[in-house]
Amino acid sequence: MAEKKVSVERKNRKMDRKAGANNAGVSKAGANKAGVNKAGVNKAGANKTGMNKAGANKTGANNVATKRSAANQSTAAGKKPAISSTGRKMGNGNISNKKSVEGKHTEDKRLNTTTTSRSADKKKKVLCTVSRQCGGCQMLDMPYEQQLAVKQKQLETLLKGICKVNPIIGMENPYHYRNKVHAVFGHQKGEVISGVYKAGTHILVPVETCMIEDEKADEIIGTIRGMLKSFKIRTYDEDTGYGLLRHVLVKRGFSTDEIMVVLVTASPVFPSRNNFIKALREKHPEITTIIQNINDRETSMVLGDKEKTLYGKGYIEDILCGCTFRISSKSFYQINPVQTEILYTKAIEAAGLTGEETVIDAYCGIGTIGIIASQHAGKVIGVELNKDAVRDAVENAKRNQIKNIQFYNNDAGKFMVGMASQGEKADVVFMDPPRSGSTEEFMDSVALMKPGRVIYVSCNPETLVRDLEYFKKKGYVAREAWGVDLFPMTEHTECCVKLERKEK
Ligand SMILES: C[S@@+](CC[C@H](N)C(=O)[O-])C[C@H]1O[C@@H](n2cnc3c(N)ncnc32)[C@H](O)[C@@H]1O
């Protein structure tokens with residue numbers, strides 16, 4: 001049965017490739033969307049959002065200059081000094097991020113000169129030669145200011161009649177912000193290529209540099225591409241099942257400069273492995289850890305279950321809001337750390353913590369929100385499905401000497417049902433589910449536990465709205481939303497919403 005499924009998958013991929021060859025020149029959904037969005041920008045933009053008035057810079061892919069920086073935004077927590085993104089303690093109890101700006105966005109000059117669709121095309125070619133085939137940067141053609149206006153408008157439209165939407169917070173330099181880069185490896189005309197699958201297919205689009213990915217990560221992937229021939233390492237062929245290297249994943253801690261390289265292979269047997277690692281490290285001494293991940297399954301999942309650390313400690317660390325976090329290859333970590341600090345600061349401010357509360361951090365990943373919030377709470381309970389992430393979270397609590405936090409490896413819905421059935425109560429629930437959103441089971445149990453506030457962090461405004469409507473039926477009213485642009489050049493938007501329990 002399983003074999004049959006595998007062969008059907010292979011057949012489908014072959015068909016994908018054929019279809020792709022036929023459709024190679026067809027423009028993608030993203031391009032169309034960008035056009036649609038442009039129309040909306042005229043109305044949405046500066047006037048409604050007030051973006052042009054605030055005047056200032058933004059948060060960069062990792063840099064942000066701001067008139068009103070996150071450092072000046074007060075965390076309601078207040079009591080203990082919060083810590084800056086560089087790890088410095090701030091005496092005023094606020095979290096520092098010099099580079100972020102709220103309500104006002106500088107534009108990128110290279111993008112902002114684009115005025116007609118033909119010149120937009122030319123610009124697009126200059127900015128990225130594969131953007132049409134890749135489809136990842138649906139908004140690349142659009143000046144950044146307009147991208148923000150479009151996202152603001154989308155949030156306002158979706159949340160109309162639900163709650164107030166604050167001006168979206170953008171970046172000063174919205175490029176090269178991705179701290180995690182994934183490249184699929186393959187062959188084209190006898191040459192090794194690496195890149196991304198064309199959206200919805202298994203057609204490999206070669207990518208050497210990318211406007212939103214970390215440049216060092218792209219450079220390392222290029223080096224690996226160049227090394228394969230001399231080491232006689234073949235890339236994996238999905239159709240035949242032959243070959244070794246399937247993917248390379250690079251994760252970088254922007255604050256620590258630690259770099260993890262994950263080599264995903266189809267087999268545990270890696271000829272000349274030690275020499276390969278030595279040569280790679282010689283070319284890139286900045287790499288701090290190298291992992292071999294073995295994925296021998298016919299699956300669209302990038303990482304397999306088995307791993308071996310080939311060099312270094314097997315994880316990287318990064319610093320967010322003054323706390324240090326270890327990140328394993330399979331654990332979720334936000335891909336835009338500068339904007340993440342702003343997002344978390346907003347979320348924790350919105351929770352209005354006084355130091356006494358029992359807090360739940362649901363869908364907690366490596367424990368980031370819970371650990372940062374724990375400094376301002378009575379106690380925190382984190383729950384997360386991914387066991388590697390929970391292991392990181394437990395270690396992260398120790399690293400930051402946090403004693404009032406506990407993590408559980410469980411489905412968030414099941415965990416909350418258990419808590420509610422035991423009559424447990426909570427004062428504040430942070431929830432940051434995956435794109436699919438939360439579950440009724442989870443929200444029913446939250447309502448039974450009667451927290452005064454729920455802070456919902458979402459990377460998918462559509463499932464967010466669905467869940468807010470369900471929460472309303474359960475007696476929770478959305479009060480305010482903050483959009484934070486974690487994904488410049490793309491159509492994706494991150495947002496945080498504060499809900500309060502209606503007193504009956
Ligand atoms: C958007 S991430 C947020 C993680 C974390 N809050 C952060 O900011 O880094 C969503 C997390 O939910 C986890 N997850 C997915 N489904 C889950 C479930 N049913 N129960 C608990 N955790 C789940 C994922 O593994 C992932 O770590």
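Just follow the structure's listing: the first ligand is 1, and inside any ligand the first atom is 1. Sequential numbering from 1 along the given sequence is applied to the chain's residues. What you see is a predicted model, and the numbers here were worked out from it, not measured in a lab.
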Item to complete: Given side chain to side chain contact (heavy atoms under 4.5 Å, CB included), test D318 with F325 step by step and report yes or no.
Response: CA-CA 5 Å; D318 201 14; F325 295 99; 5.6 Å; no
Worksheet item: Going through the distances and angles, do E494 and S458 end up as a side-chain hydrogen bond (donor to acceptor under 3.5 Å, both in side chains)?
Response: CA-CA 6 Å; E494 186 87 13; S458 164; over 6 Å; no
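Between Y333 and ligand 1, no N or O atom pair is found at a separation short of 3.5 Å. Distances between N or O atoms of E384 and those of ligand 1 include at least one value under 3.5 Å. At under 3.5 Å, not a single nitrogen or oxygen of V383, backbone or side chain, sits near a nitrogen or oxygen of ligand 1. The shortest N or O to N or O distance between P434 and ligand 1 is not below 3.5 Å.
Contacts between N410 and ligand 1 below 4.0 angstrom, taking non-hydrogen atoms only, involve the backbone exclusively. The proximity of S331 to ligand 1, defined as any non-hydrogen pair under 4.0 Å, does not occur for either the backbone or the side chain. With a 4.0 Å heavy-atom cut-off, ligand 1 is reached by the backbone of L385 and by its side chain too. Under 4.0 Å from ligand 1, not a single heavy atom of A389 appears.
Close approach to D411 involves these atoms of ligand 1, each under 4.0 Å from a residue heavy atom: 18 (C), 19 (N), 20 (N). Close approach of ligand 1 to T368 (heavy-atom distance below 4.0 Å) involves ligand atoms 7 (C), 8 (O), 9 (O). Remark: ligand 1 atoms within the under-4.0 Å shell around heavy atoms of A412 are 18 (C), 20 (N), 21 (C). Against a heavy-atom cut-off of under 4.0 Å, P433 is close to the following atoms of ligand 1: 1 (C). Contact atoms of ligand 1 toward Y344: 7 (C), 8 (O), 9 (O) (distance under 4.0 Å to a heavy atom of the residue).
Around the NZ atom of K306, the shell of radius 6.0 Å holds no more than 12 heavy atoms that belong to other residues, nucleotides or ligands.
Between F442 and Y363, a ring centre-to-centre spacing shorter than 6.0 Å is recorded.
Side-chain contact annotation: D467 with Y456, donor-acceptor N/O pair under 3.5 Å present. T289 and Y311 form no side-chain donor-acceptor contact under 3.5 Å, judged by distance and modelled atom types alone. Neither side chain, H176 nor E213, offers a donor N or O lying under 3.5 Å from an acceptor on the other.
Classification of the Y408-F415 ring pair by plane angle, with boundaries at 30° and 60°, yields tilted.
In this structure, the protein non-hydrogen atom closest to atom 14 (N) of ligand 1 is Y363 CD2, 4.0 Å.
Checking each of K313, R252, R326 against E258 for a salt bridge (charged side-chain N to carboxylate O under 4.0 Å, His left out) leaves exactly one that passes, namely K313.
Between the side chain of S421 and the backbone N or O of V417, at least one donor-acceptor pair lies under 3.5 Å.
When the heavy-atom distances from atom 10 (C) of ligand 1 to D388, D432, I369 are ranked, the shortest goes to D432.
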